[in-house]
Amino acid sequence: MHDQWTPENTSTQRVADRHARHGTMLPEPDGGAVWVGAPLRVHRRCDRPMFEISNTIAYGGDLMIYGTSPNDDYPGRNSWINVRSSQSQSNWIPAEGEALIRLLVDLERDGVEPHEDRVISPFRDVVREGKDLIAKRFKHYEGFAAKNIGTVHTVQGQEANVVILVLGSKPNGTGARAWASGKPNLLNVAVSRAKHRLYVIGNRDNWKGLRYFDVLAAAVPDDLN
């Protein structure tokens with residue numbers, strides 16, 4: 001099977017696009033182009049900046065039209081929680097797990113119900129350890145670990161008021177980050193699941209210079225700002 005058809009390298013939308021007779025070619029950052037079949041141009045799910053990120057990295061920056069009614073009263077603010085830690089267990093960074101716990105506490109304090117949150121990561125080991133940590137710390141989050149935490153690929157077609165993207169990856173390694181930033185699909189799916197708030201947890205310095213994640217860093221402010 002060619003890589004372009006495997007779930008790890010493409011999305012349901014891309015497969016549908018390849019079968020469409022009518023559509024358009026969109027430029028990609030590497031100088032290539034991708035076929036988009038009869039796209040629905042008006043986007044009515046995500047608030048900004050999630051719309052801009054998705055439009056820039058996956059649709060050439062000018063294909064989609066913003067049609068969402070913004071909800072400026074929703075609690076919290078989009079932010080990148082910058083975790084600079086050299087301690088890791090594979091792609092799982094324990095300090096990022098602690099940052100996730102603090103964020104969930106803050107969100108609940110501000111009135112966001114647990115079922116409104118979705119925690120995602122590019123990496124299975126981050127998901128596994130995150131589930132264990134939350135199950136231990138939040139006894140009242142019944143069913144949360146099973147239903148509201150998963151890899152980015154498991155949330156295609158879904159949405160949540162709040163998406164928390166836990167990046168992980170070995171601090172001194174580059175392979176996992178290179179894989180995650182190899183194509184726009186993964187980041188596009190991740191950010192476009194968020195209806196109102198997007199939080200990113202990870203080492204900003206390690207990710208902000210990578211393709212597509214540079215767009216994410218420019219759009220989502222450091223939590224220290």
Side-chain angles (χ1 to χ4, degrees), residues 7-8 11-12 45-46 50 74-173 175-177 179-180 185-204 206-207 213 216 220 222-224:
E8 292 82 5
S11 65
T12 303
R45 181 174 65 239
C46 304
M50 289 76 77
Y74 196 85
R77 66 185 184 95
N78 304 305
S79 62
W80 188 313
I81 301 172
N82 192 6
V83 177
R84 303 181 185 92
S85 175
S86 60
Q87 303 299 316
S88 70
Q89 300 170 9
S90 188
N91 289 316
W92 168 250
I93 312 295
E96 293 184 15
E98 293 302 321
L100 171 62
I101 295 298
R102 291 192 296 271
L103 176 58
L104 290 173
V105 170
D106 290 344
L107 289 170
E108 189 172 16
R109 178 201 61 203
D110 292 341
V112 177
E113 297 292 334
H115 67 82
E116 299 180 70
D117 303 326
R118 181 61 59 92
V119 180
I120 59 177
S121 176
F123 308 113
R124 293 187 182 93
D125 43 352
V126 175
V127 170
R128 181 179 62 252
E129 296 293 339
K131 285 183 176 183
D132 290 345
L133 182 63
I134 289 176
K136 291 176 183 176
R137 300 288 186 90
F138 295 100
K139 301 297 184 183
H140 62 297
Y141 276 27
E142 184 177 356
F144 184 91
K147 297 178 181 178
N148 293 62
I149 308 177
T151 62
V152 173
H153 291 299
T154 65
V155 297
Q156 292 191 50
Q158 302 178 30
E159 60 185 32
N161 287 338
V162 177
V163 165
I164 305 169
L165 175 59
V166 183
L167 292 173
S169 79
K170 296 179 181 179
N172 298 322
R177 292 190 292 276
W179 168 79
N185 306 28
L186 185 144
L187 184 57
N188 181 42
V189 170
V191 301
S192 62
R193 300 310 95 194
K195 294 174 63 177
H196 301 307
R197 293 290 179 264
L198 173 66
Y199 295 91
V200 182
I201 298 177
N203 189 317
R204 191 177 177 95
N206 284 348
W207 289 88
F213 287 86
L216 177 69
V220 181
D222 193 311
D223 65 318
L224 298 178

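Heavy atoms only: backbone and side chains are in, while hydrogens, waters and symmetry mates are out.
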| Are the side chain of R84 and the backbone of N203 linked by a donor-acceptor contact shorter than 3.5 Å? | no
| field | Donor-acceptor contact below 3.5 Å, side chain N148 vs main chain D117 | value | yes
| request: To the nearest 0.5 angstrom, please state how far the CG atom of N185 sits from the CD atom of Q156. | output: 8.0 Å
| said: What verdict does the side chain to side chain contact (heavy atoms under 4.5 Å, CB included) test give for E108 and H140, after you've listed the backbone C-alpha separation in whole Å, the side-chain angles of each residue and the deciding distance to 0.1 Å? | reply: CA-CA 12 Å; E108 189 172 16; H140 62 297; 3.2 Å; yes
| query | Between A95 and S85, which heavy-atom pair has the shortest distance, and what is it? | reply | CB-CB, 3.8 Å
| request: Enter the distance from E116:CD to H196:NE2 here, rounded to the nearest 0.5 Å. | output: 8.0 Å
| said: I'd like to know whether L100 forms a side chain to side chain contact (heavy atoms under 4.5 Å, CB included) with L133, so could you lay out the CA-CA distance, the side-chain angles of the two residues, the decisive distance to 0.1 Å, and finally the verdict. | reply: CA-CA 10 Å; L100 171 62; L133 182 63; 5.7 Å; no
| query | L103 versus I201: any side-chain heavy-atom pair under 4.5 Å? | reply | yes
| Is the side chain of S121 donor-acceptor paired with the backbone N or O of V166 at a distance under 3.5 Å, no angle test? | yes
| note | Taking every heavy atom of P122 against every heavy atom of L165, the minimum-distance pair comes out as CD-CD1, 4.2 Å
| query | Does S192 reach the main-chain N or O of N188 with its side chain, forming a donor-acceptor pair under 3.5 Å? | reply | yes
| message | So if I apply the side chain to side chain contact (heavy atoms under 4.5 Å, CB included) rule between I120 and each of V126, V189, V155, which one comes out positive? | response | V155
| request: Could you please spell out the steps behind the side chain to side chain contact (heavy atoms under 4.5 Å, CB included) verdict for F144 and V119? | output: CA-CA 10 Å; F144 184 91; V119 180; 4.2 Å; yes
| Rounded to the nearest 0.5 Å, how far apart are CZ of R197 and CG of L107? | 10.0 Å
| note | dist E159:CD -> K195:NZ (nearest 0.5 Å) comes out at 4.5 Å
| message | What I want to find out is whether R137 reaches E98 closely enough, with some N-O distance under 4.0 Å, to be called a salt bridge. | response | yes
| task | List the atom of A99, the atom of I81, and the distance in Å for their closest heavy-atom pair. | result | CB-CG2, 4.1 Å
| Parallel, tilted or perpendicular, as decided by the 30° and 60° cut-offs, for the rings of F138 and Y141 | parallel
| Is there a donor-acceptor pair under 3.5 Å between the side chain of S90 and the backbone N or O of W92? | no
| Rounded distance (nearest 0.5 Å) linking atom CD1 of I134 with atom NZ of K139 | 12.5 Å
| At what distance, to the nearest 0.5 angstrom, does CG of L186 lie from CH2 of W179? | 5.0 Å
| message | What I'd like to find out is whether the side chain of Y199 reaches to under 4.5 Å of the side chain of V162, using heavy atoms alone. | response | yes
| With side chains defined as the heavy atoms from C-beta onward, is the minimum distance between I164 and R118 less than 4.5 Å? | no
| request: Test L167 against W80 for side chain to side chain contact (heavy atoms under 4.5 Å, CB included), laying out the working first. | output: CA-CA 11 Å; L167 292 173; W80 188 313; 3.7 Å; yes
| Where the side chain of D125 meets the backbone of N91, is there a donor-acceptor pair that is under 3.5 Å apart? | yes
| What residues, two or more places apart in sequence or in another chain, satisfy salt bridge (Lys or Arg N to Asp or Glu O under 4.0 Å) together with D106? | R109
| request: Would you check if N78 and V200 make a side-chain contact, meaning some heavy-atom pair closer than 4.5 Å? | output: no
| query | Of the non-hydrogen atoms in P94 and Q89, which two are nearest, and what is the gap between them? | reply | CG-NE2, 4.0 Å
| Side-chain heavy-atom pair S169, I93 within 4.5 angstrom cut-off | no
| task | For the pair R177 (side chain) and K170 (backbone), establish whether a donor and an acceptor sit closer than 3.5 Å, ignoring hydrogens and angles. | result | yes
